[in-house]
Amino acid sequence: MFEYTSINQYHLALAQDKTSCTESVRHYLSKIDQAKHLNAFVHVFADEALQTAAALDEKRRSGKTTGKLHGVVVAIKDVICYKDHPLSAASGMLKNFTSIYSATAVKKLLQEEAIIIGVCNCDEFAMGSTNENSVYGNVLNAIDESRVPGGSSGGSAVAVQAGLCMVSLGSDTGGSVRQPADFCGIVGLKPTYGRISRYGLVAYASSFDQIGIFANHVEDAGKTLEIIAGADEYDSTVSQNPVEEYSKEPHAKKKFRFAYFKETLEHPSLDKEIAEGIKTLIDQLRKNDHEVSALSFEYLDYIVPAYYILTTAEASSNLSRYDGVRYGYRSSRPSNDLTEFYKHNRSEGFGKEVKRRIMLGTFVLSTGYYDAYFSKAQKVRRKLVEKTELVFSEFDFILMPTSPSVAFKIGEKADDPIAMYLADIYTVFANLTGIPGISLPMFTHSNGMPFGLQLMSKQFNELSLLQASEQLMQWSKGKY
Ligand code: GLN
């Protein structure tokens, strides 16, 4: 029987002929079939994945050099383009749309011989925190099916959580990789803004959007990042910084300088047990000779409003391209003029949350309100960046909870958008400042649900972030 532990172990088993790519794809296809009710996948490319696997098996057996992700079974979120495959952003607006090109991240995966097994469910246009805003319906958390998996990359998270693929890609504009990873008990990495090309990622808020990775282990996340990161002529905001060997084992255990913001652990919305879990961890880190300092953070209450003003503003502009003229949903209602034609297409094609955000964004950008909202939020963003630079001049990492609570019950926050937005309090900081963040599955709540520790580092410090994460994970499992 096929058993997966990590990419490295899998590659070892392939080299020793103990398994094959075909066997692994068959295994995942049958798991996906058994887990259909979780609704994690919106498309599964069964025949194609089997054909690719057979070709890869033949290549490997003929002794040819294999790619770095040879036979690795990957799932992608429904906002990432894969040429000649369906792409809908979980929206009625793009139902039946087929990608005409592949995202750079996808091209890089394929070049290294990964197998894309299917497309995962998500919140419409990546807007949401529960995966309840999807035209395909909600996704169930495999640990407790009465709960949400988080969002917006809920399907990608469950695909890894329930063992339906080896790693998956999501996108993180305000926490959509880290928060579902936290809710599902897996690793979720959001790299630095600009570390991975956004070419072929459906735009939500372009100055925040970043492709992220879900994995069972830090090591797998590092290995995948190593492949998909890097310069790209199709994205002018992507960094030219060299890509480091993110999967490299650290030479020695290190002592780190951690900072945390007092206010984050005292916030009234934070679940008591999550606060206790993180405080206990801080004590243990200190006992292990790490430095952990409490800093004050005067901006905590401003970050969610700033995030929602800026992202809805960017979204209102980005989503104006969906007008039903060249592609996308087109209403059958007769229209008297072009404006009415747009109105029909957009009102029928978009879901409720997306329309709410387009209206919010249009409002904060409108004459008279621009200075009161948009400019102010930009100033908050600048202050946060300055604060971050200051913190990282003295510390290696910032520690924070990933989410103020464990996975919500289905429907719990669905009618209260403000409560839903406020739950992003710990994740949006990294997107506003562009720094990388990772959610590490380190804790279990007394109600049986997992929760994570969020670790952030300064920009482009993914190597240290991943090495420290690995060290913390090993340590929390009592390996040393
Ligand atoms: N929950 C946040 C939002 O709804 C995050 C979304 C994301 O990261 N794509 O905007």
Side-chain angles (χ1 to χ4, degrees), residues 76-80 89-91 120-134 138-139 148-157 168-184 188-193 196 198 201-214 269 303-316 318-319 350-361 364 377 402-405 407-408 412-414 416-439 454 456:
I76 56 174
K77 182 178 180 179
D78 192 18
V79 289
I80 299 175
S91 177
C120 290
N121 204 344
C122 59
D123 282 300
E124 184 177 0
F125 284 99
M127 298 176 186
S129 309
T130 57
N131 214 134
E132 291 169 298
N133 309 326
S134 163
N138 62 314
V139 176
V148 302
S152 62
S153 319
S156 300
S168 65
L169 297 190
S171 65
D172 191 314
T173 301
S176 283
V177 168
R178 289 159 291 150
Q179 183 256 25
D182 171 274
F183 281 12
C184 290
L189 170 69
K190 179 204 91 79
T192 308
Y193 178 77
I196 300 171
R198 286 183 295 113
L201 170 67
V202 174
Y204 160 15
S206 312
S207 75
F208 294 76
D209 297 340
Q210 185 58 201
I211 289 178
I213 301 160
F214 293 98
S269 71
I303 59 177
V304 171
Y307 168 82
Y308 276 95
I309 289 170
L310 296 173
T311 52
T312 54
E314 292 189 26
S316 74
N318 272 329
L319 272 64
F350 287 132
K352 191 167 150 197
E353 181 61 24
V354 171
K355 282 191 267 196
R356 179 173 13 243
R357 294 197 190 195
I358 292 174
M359 286 192 273
L360 266 173
V364 299
T402 306
S403 173
S405 72
F408 325 130
E412 190 182 322
K413 292 201 196 298
D416 189 349
I418 304 275
M420 185 87 93
Y421 297 169
L422 287 171
D424 293 335
I425 182 165
Y426 301 127
T427 45
V428 296
F429 178 72
N431 307 80
L432 280 157
T433 55
I435 62 174
I438 190 167
S439 182
Q454 188 184 188
M456 289 169 263

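If you read the sequence from its start, that first residue is 1, and numbering goes on from there. Both counts, for ligands and for their atoms, begin at 1 and track the order of listing. Only heavy atoms go into these numbers, but all of them, side chains included; no hydrogens, no water, no symmetry mates. Computed from a predicted model, the values in this text were never measured in an experiment.
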Polar atom proximity, [X] to ligand 1 (N or O, under 3.5 Å):
| X | result |
| --- | --- |
| Thr173 | yes |
| Gly151 | no |
| Ala126 | yes |

| query | Are Gln454 and Ile438 close enough that some pair of their side-chain heavy atoms sits under 4.5 Å apart? | reply | no
| field | Glu314 and Tyr204, any side-chain heavy atoms less than 4.5 Å apart | value | no
Atoms in ligand 1 flagged as close to [X], the criterion being non-hydrogen separation under 4.0 Å:
| X | answer |
| --- | --- |
| Gly128 | 1 (N), 2 (C), 3 (C), 4 (O), 6 (C) |
| Asp172 | 8 (O) |
| Tyr307 | 2 (C), 3 (C), 5 (C), 6 (C), 10 (O) |
| Ser129 | 1 (N) |

| request: Consider ligand 1: state whether an atom of it lies below 4.0 angstrom from any non-hydrogen atom of Gln179. | output: no
| task | Compute the minimum heavy-atom distance from Tyr308 to ligand 1 and say whether it is under 4.0 Å. | result |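 Yes.
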| query | Hey, is Lys190 touching ligand 1 through its side chain, its backbone, both or neither, going by heavy atoms under 4.0 Å? | reply | neither
| Donor-acceptor contact below 3.5 Å, side chain Ser168 vs main chain Ser156 | yes
| Main-chain N/O of Ala205 paired with Asp209 side-chain donor or acceptor, under 3.5 Å | yes
| Heavy-atom nearest neighbour in the protein, as seen from atom 6 (C) of ligand 1, with distance rounded to 0.1 Å |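 Here the nearest protein heavy atom works out to Ser176 OG, 2.8 Å.
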| field | atom 2 (C) of ligand 1 [closest protein heavy-atom partner, distance rounded to 0.1 Å] | value | Asp424 OD2, 3.2 Å
| field | Test item: side-chain donor near acceptor, Asp424 and Ser129, under 3.5 Å | value |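 A donor-acceptor contact under 3.5 Å links the two side chains.
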| Looking at Thr312, Thr427, Val428, which one forms a side-chain contact (heavy atoms from CB on, under 4.5 Å) with Tyr307? | Val428
| query | How long is the gap from CD on Glu124 to CG on Asp78, to the nearest 0.5 Å? | reply |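 Nearest 0.5 Å value for the CD-CG distance: 10.5 Å.
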| task | Please confirm whether Tyr421 and Tyr308 have ring centers closer than 6.0 angstrom. | result |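 So the answer is yes for these two rings.
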